[in-house]
Amino acid sequence: LSDEASFLLAFLGLWGILAAYLLRLERVARRLERRIEEAGGAEAGKGKEGGP
Amino acid sequence: MAGQAWRRPVTPAAALRRASLWATLLLFPALILLAWFRVPEGVPLLGGLGAPDWSYQPDVAAPLTRKLLFFHPATAWTSFAAYLIVFAFGTAYLNERDLRYDRPAQAAAEVGFAMNTAALLTGTFWGVQEWSRSGQAALATVYSEPKVLVVVVLWLTFAAYLLLRRLADGPERRARLAAAFGILGFVAVPTSFLTSRLLATSLHPDIAGPGSNPDAAIDGSVGALLLLSFLAFLALGLHLFLQRLRLLDAEARLGGAA
C-alpha cells in the first residue's frame with residue numbers, strides 16, 4: 001500500500017471504531033434506561049399490592 | 001402488552017441525541033474524504049509573521065500536517081464550546097443552587113477535557129513535525145508560544161476540575177467548588193483567543209476577521225473544509241455531552257430511588 005492509501009485507510013478505520021463505539025454507547029444507555037424504568041414499575045407495583 | 005417492544009417516548013433531548021449521532025456518523029467520512037481528495041495545495045498557514053517559509057508541499061517531510069489542519073483547530077474550538085457550557089451552567093448553579101444545573105456542567109467539562117487533550121496532542125504532533133524541519137528545537141518552540149501555554153493552563157485547570165469532582169465530599173459542596181473552578185477555568189478561553197490577536201505569534205496566525213494576517217489567509221475551499229471539520233467535531237462533542245448527561249441523569253434517578 002502507498003503512504004496515501006494507508007493514511008486514508010487508517011482514518012476510515014478510526015471512523016469505523018468511533019461509529020461502533022457511539023452505536024454501542026447508545027444501545028447500552030437505552031438498555032440501562034429500560035431497566036431503570038422496569039425496576040421503577042416493579043417497585044410501584046409492589047407498593048400498590050402491599051399498600052393500605 | 002406481552003411481546004411488545006419497550007419504547008421510550010421521544011423527548012427533545014432524545015431527538016437531538018439521535019440527530020447529533022447521525023450528523024457525526026455522516027460528517028466524519030465526508031470530512032475525511034474531502035480532506036483527502038480536496039486537500040489544499042500550498043496553503044501558507046504558518047508562513048506569516050516571520051516564520052520560515054512553510055509552503056506545505058505534500059509528502060515532502062511532514063505529510064500528516066496538511067490533514068491535521070482539519071482536526072487540530074476543530075477539536076480546540078469544540079473544547080472551547082464545551083467549556084462555555086461549563087461556565088454557563090456553573091453560573092446558573094451558583095445563582096440557583098439547584099443540582100440539576102451541575103450535571104450538564106460535569107458532562108460538558110468531561111467532553112471539553114477530552115477535546116482539549118485531542119487539540120494539544122494534534123497540535124504537538126503538527127508543531128513538532130513542522131518545526132523539526134527548520135532545525136529549531138521543535139518541542140521547545142511549540143511549548144514556548146503564549147497561546148499554547150494558555151491552553152496548557154486551561155487543560156491543567158480542567159484536569160484539576162475533574163479531580164476535584166472525585167475528591168470533594170457531598171453533592172452540594174462538590175457542585176459549588178466545581179462551579180467556581182469551572183468559571184475561573186473558562187477565563188483562559190477568551191485569553192487564548194486574544195493571545196493570538198494581541199501578541200505577535202507565528203504558530204497561530206490570525207487567519208480571519210479584521211487585522212488578520214494576509215500571508216496566512218485561507219482560501220474559500222479551505223475555509224469550507226475547516227467549517228465542515230468544526231461541524232463534525234461539534235456534532236461529536238454534542239452527542240457525547242448528551243449521552244453523558246443521560247447517564248448522569250440515570251445515576252441521579254437511581255441515587256434518588258436508593
Side-chain angles (χ1 to χ4, degrees), chain A, chain B residues 5-11 13-14 17-18 20-37 39 58-60 62-68 70-71 118 229 232-233 235-258:
Chain A
L1 281 178
S2 67
D3 277 357
E4 297 193 352
S6 55
F7 187 75
L8 182 62
L9 282 178
F11 266 128
L12 288 176
L14 279 178
W15 176 80
I17 292 169
L18 178 72
Y21 170 71
L22 292 181
L23 291 171
R24 183 176 153 69
L25 201 65
E26 175 65 30
R27 263 202 312 274
V28 169
R30 205 176 288 174
R31 200 181 308 149
L32 179 73
E33 280 185 339
R34 190 177 62 219
R35 283 188 183 170
I36 291 175
E37 292 277 338
E38 284 170 357
E43 280 290 316
K46 223 185 271 176
K48 234 183 234 177
E49 278 170 21
Chain B
W6 183 87
R7 279 198 171 276
R8 196 177 169 74
V10 179
T11 58
R17 211 165 46 226
R18 197 171 299 170
S20 60
L21 173 65
W22 285 109
T24 304
L25 294 181
L26 293 175
L27 285 175
F28 268 98
L31 170 67
I32 291 164
L33 292 173
L34 280 172
W36 186 254
F37 291 113
V39 174
D59 304 325
V60 174
L64 291 181
T65 53
R66 293 169 63 82
K67 313 296 184 293
L68 284 175
F70 306 110
F71 292 84
S229 72
F233 275 97
L236 174 63
L238 179 65
H239 184 70
L240 291 174
F241 166 71
L242 292 171
Q243 286 287 32
R244 186 68 183 112
L245 190 57
R246 183 186 194 181
L247 199 62
L248 288 172
D249 285 342
E251 271 176 17
R253 287 215 305 273
L254 283 174

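From a predicted model like this one, the values you see are computed outputs, not experimental measurements.
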Ion pair present between A/Glu38 and A/Arg31, side-chain N to carboxylate O less than 4.0 angstrom?
no

Using non-hydrogen atoms only, which part of A/Leu14 is less than 4.5 Å away from chain B: side chain, backbone, both, or neither?
neither

Taking side chain as everything from C-beta outward and backbone as N, CA, C, O, which of these in B/Leu25 sits under 4.5 Å from a heavy atom of chain A? Side chain, backbone, both or neither.
both

A/Leu32 versus chain B, the contacting section by heavy-atom distance below 4.5 Å:
side chain

To check you understand the geometry: which heavy-atom pair defines the closest contact between A/Trp15 and B/Pro29, and what is its length?
NE1-CD, 3.2 Å

Is any side-chain heavy atom of B/Leu238 closer than 4.5 Å to a side-chain heavy atom of B/Thr24?
no

Can you find a pair of side-chain heavy atoms, one from B/Leu236 and one from A/Leu22, that are under 4.5 Å apart?
yes

